[in-house]
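Structure incoming, see below.
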2 protein chains.
Amino acid sequence: MAEVVSTTPSTPAAGSKSEHAYVAVKSRIIDGSYSPGYRLVLAQIADDLRVSVVPVREALRRLEAEGLLTFERNIGATVAGIDPTEYLYTMQTLSIIEGAATALSAPLIKPADIARARAINTEMRECLDHFDPVRFTRLNQDFHSVLFENCPNPHILDLVHRGWARLASMRSSTFRFVPGRAHNSVDEHEALMRLIEADADPDEIERVSRLHRSATLDAYLAQSKQ
Amino acid sequence: MAEVVSTTPSTPAAGSKSEHAYVAVKSRIIDGSYSPGYRLVLAQIADDLRVSVVPVREALRRLEAEGLLTFERNIGATVAGIDPTEYLYTMQTLSIIEGAATALSAPLIKPADIARARAINTEMRECLDHFDPVRFTRLNQDFHSVLFENCPNPHILDLVHRGWARLASMRSSTFRFVPGRAHNSVDEHEALMRLIEADADPDEIERVSRLHRSATLDAYLAQSKQ
DNA sequence: GAATACGAAATCGTATACGAAGGCTAGGGT
DNA sequence: ACCCTAGCCTTCGTATACGATTTCGTATTC
């Protein structure tokens, strides 16, 4: 399955405690054990992971650079997120980056990829009845992964991954708030796949992909405004 | 003047040695004191800056997450760059991000900003005669800073900054290699400003801005191919 | 009773120390 | 002459220690 959660290009320093701490904290943030606003205490984490504080500090620095948490001098680190504005910014950024990634990826997508994507989208459609936001969001992530994962530019790919990670960390899960959006989303997925199959103009693919995400954002905004 | 070198939203931990090390190493990379491939030795840097290795390690981690250098376990850190492929990736990414940033920024640009941009572009034009690639590149950076600095989405803005920093760190300076490109560039700047002044469709501004950078990249590729 | 000032506890930031891993050089063997 | 091996030197990775800073509670005063 497509790996979306991770990473900078090649895992740096596998086996080091620093790396271990990085992975551990990151996954705890993403799976929600450390929810937004959570206060990360160095000594406590270090104790948890049976390491000293030094590697933990390094891990937190890396996560800070990725935007998953914020540091304050002499205060400590807190998990980022929560702020609706932040959500908006992240979605907008992701719409741009993911659109580009999908367009660049499109020419390299093989029929087998499309088949996988379609299978996932079918699952999503079935999921619409007894609606499970979490499962739906997960499938959504898998679906898009298939479409952009072939992007030949590793920087862009990395940025997409980071964007998804940020979204996951603020577990807004959108569809939890705007279940009505899910239906449209599935249809737009189908349209997007058609374009890719037909070797459509990359600009068009980029436009559609970007709009797809913007629409989700708009739905969220319309919802939260009322 | 527009600050382009810096970084993550608000400077984290001002006054800390870690921050000091971060700024120092980053500027040395960008100004070329540490050129690509340079081997960064912790103890040596720490000694240079009169601090211990711990803050230096943290600084290097942050720079790693920004892509300015790479880490290898038990080996050390080396300044990234050099690789022409890397240059290509960075330019492509920046074309997308900066295009979006410029488009988002455009509606917020005031006549005074345009005036500043135009003044810089005039300097660039004058610079064409007794051509100085370094100065030209610097002006180019300033020019674009004016155009995208109003972008209301801080994430995107941050990505643009990082892209510029990466480019600066590999000091390819493009115009050094493709002086012929400089002339077109100045003209395209003028066209871009006209669009912004006329409150053109943001999509159009984004397209033009992206093409502007792509053209520079293409010129570089055409040059290096022969 | 509320506000302020003082002090203790918690937590961070950094230095120092030491063990481990990689690389280089010299010496011996084939 | 060349390759392989042993040992040293460099440099990294992490633990521990300690001073600095913030926070929170308590007591004292108006």
Side-chain angles (χ1 to χ4, degrees), chain A residues 7-26 28-29 33-80, chain B residues 7-26 28-29 33-80:
Chain A
T7 124
T8 17
S10 59
T11 354
S16 74
K17 314 223 173 174
S18 166
E19 177 68 13
H20 173 58
Y22 171 79
V23 172
V25 174
K26 183 169 184 172
R28 275 178 174 70
I29 292 178
S33 310
Y34 297 154
S35 46
Y38 186 91
R39 171 77 182 284
L40 297 169
V41 179
L42 286 175
Q44 178 217 306
I45 297 173
D47 198 59
D48 247 31
L49 303 176
R50 311 299 181 85
V51 298
S52 83
V53 295
V54 179
V56 176
R57 284 183 63 88
E58 277 181 36
L60 263 45
R61 284 299 193 189
R62 287 170 60 189
L63 290 169
E64 178 197 21
E66 289 182 29
L68 290 186
L69 52 84
T70 60
F71 247 83
E72 257 180 303
R73 156 114 169 149
N74 281 324
I75 305 285
T78 54
V79 177
Chain B
T7 157
T8 12
S10 60
T11 356
S16 75
K17 313 223 173 175
S18 166
E19 176 68 13
H20 174 57
Y22 171 79
V23 173
V25 173
K26 183 167 184 173
R28 276 177 173 70
I29 290 177
S33 310
Y34 298 154
S35 46
Y38 186 91
R39 172 77 182 284
L40 296 169
V41 179
L42 288 173
Q44 178 217 307
I45 297 173
D47 197 61
D48 248 31
L49 303 175
R50 311 300 181 85
V51 299
S52 83
V53 294
V54 180
V56 176
R57 285 183 62 88
E58 277 180 38
L60 263 46
R61 285 297 194 190
R62 288 171 60 189
L63 291 168
E64 178 197 21
E66 289 182 29
L68 289 187
L69 52 85
T70 61
F71 248 84
E72 256 180 303
R73 156 112 171 153
N74 282 324
I75 304 284
T78 54
V79 178

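By convention in this document, chain letters (A, B, ...) are assigned in the order of the sequence lines, proteins followed by strands, and residues within each chain are numbered from 1.
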I'd like a table of atom pairs between the protein and nucleotides 14-23 of chain C - only N or O on both sides, under 3.5 Å - with the distance next to each one.
residue : atom : partner : partner atom : Å
C:dT14  : OP1  : B:Lys17 : N            : 2.4
C:dA15  : OP1  : B:Ser52 : N            : 3.4
C:dA15  : OP2  : B:Ser52 : N            : 2.5
C:dA15  : OP2  : B:Ser52 : OG           : 2.5

Exercise. Given atom CD of B:Glu72 and atom C1' of D:dT11, what is their separation to the nearest angstrom?
Worked result: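 About 13 Å, once rounded to whole Å.
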
For this session: Drop me the distance from B:Glu58's CD to B:Lys17's NZ, to the nearest 0.5 angstrom.
Result: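 So the CD of B:Glu58 and the NZ of B:Lys17 are separated by 13.0 Å.
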
Problem set entry | Whole-Å distance separating the CG atom of B:Leu40 from the C1' atom of D:dT10 |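 Taking CG of B:Leu40 and C1' of D:dT10, I get 16 Å after rounding.
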
Exercise. Under 4.0 angstrom, heavy atoms only, what part of the nucleic acid is B:Leu60 near: base, sugar-phosphate, or nothing?
Worked result: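 No contact.
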
Exercise. A:Leu42 and A:Leu60: which non-hydrogen atoms are nearest, and at how many Å?
Worked result: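 What the structure gives for the nearest pair is CD2-CD2, 3.6 Å.
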
For this session: Working to the nearest 0.5 Å, report the span between CD1 of A:Ile45 and OH of A:Tyr34.
Result: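 The CD1 atom of A:Ile45 sits 4.5 Å away from the OH atom of A:Tyr34.
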
Exercise. In whole angstroms, how far is the C1' atom of D:dT11 from the CZ atom of B:Arg39?
Worked result: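 Whole-Å distance recorded here is 7 Å.
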
Exercise. Nearest heavy-atom pair of B:Ala59 and B:Ser18: which atoms, and what distance?
Worked result: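 Nearest heavy atoms, B:Ala59 then B:Ser18: CB-O, 3.8 Å.
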
Exercise. Once you round it to whole Å, what is the distance between C1' of C:dA10 and CG of A:Asp47?
Worked result: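 Result: 15 Å.
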
Problem set entry | Reported NZ-to-CD distance for the pair B:Lys26 and B:Glu66, which is rounded to 0.5 angstrom |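 So the gap between those two atoms works out to 4.0 Å.
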
Exercise. Which side-chain hydrogen bond (donor to acceptor under 3.5 Å, both in side chains) pairs, counting each pair once, include a residue from residues 38-56 of chain B, with sequence neighbours left out?
Worked result: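 Every candidate side-chain hydrogen bond (donor to acceptor under 3.5 Å, both in side chains) pair involving residues 38-56 of chain B fails, so no pair, neighbours aside, qualifies.
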
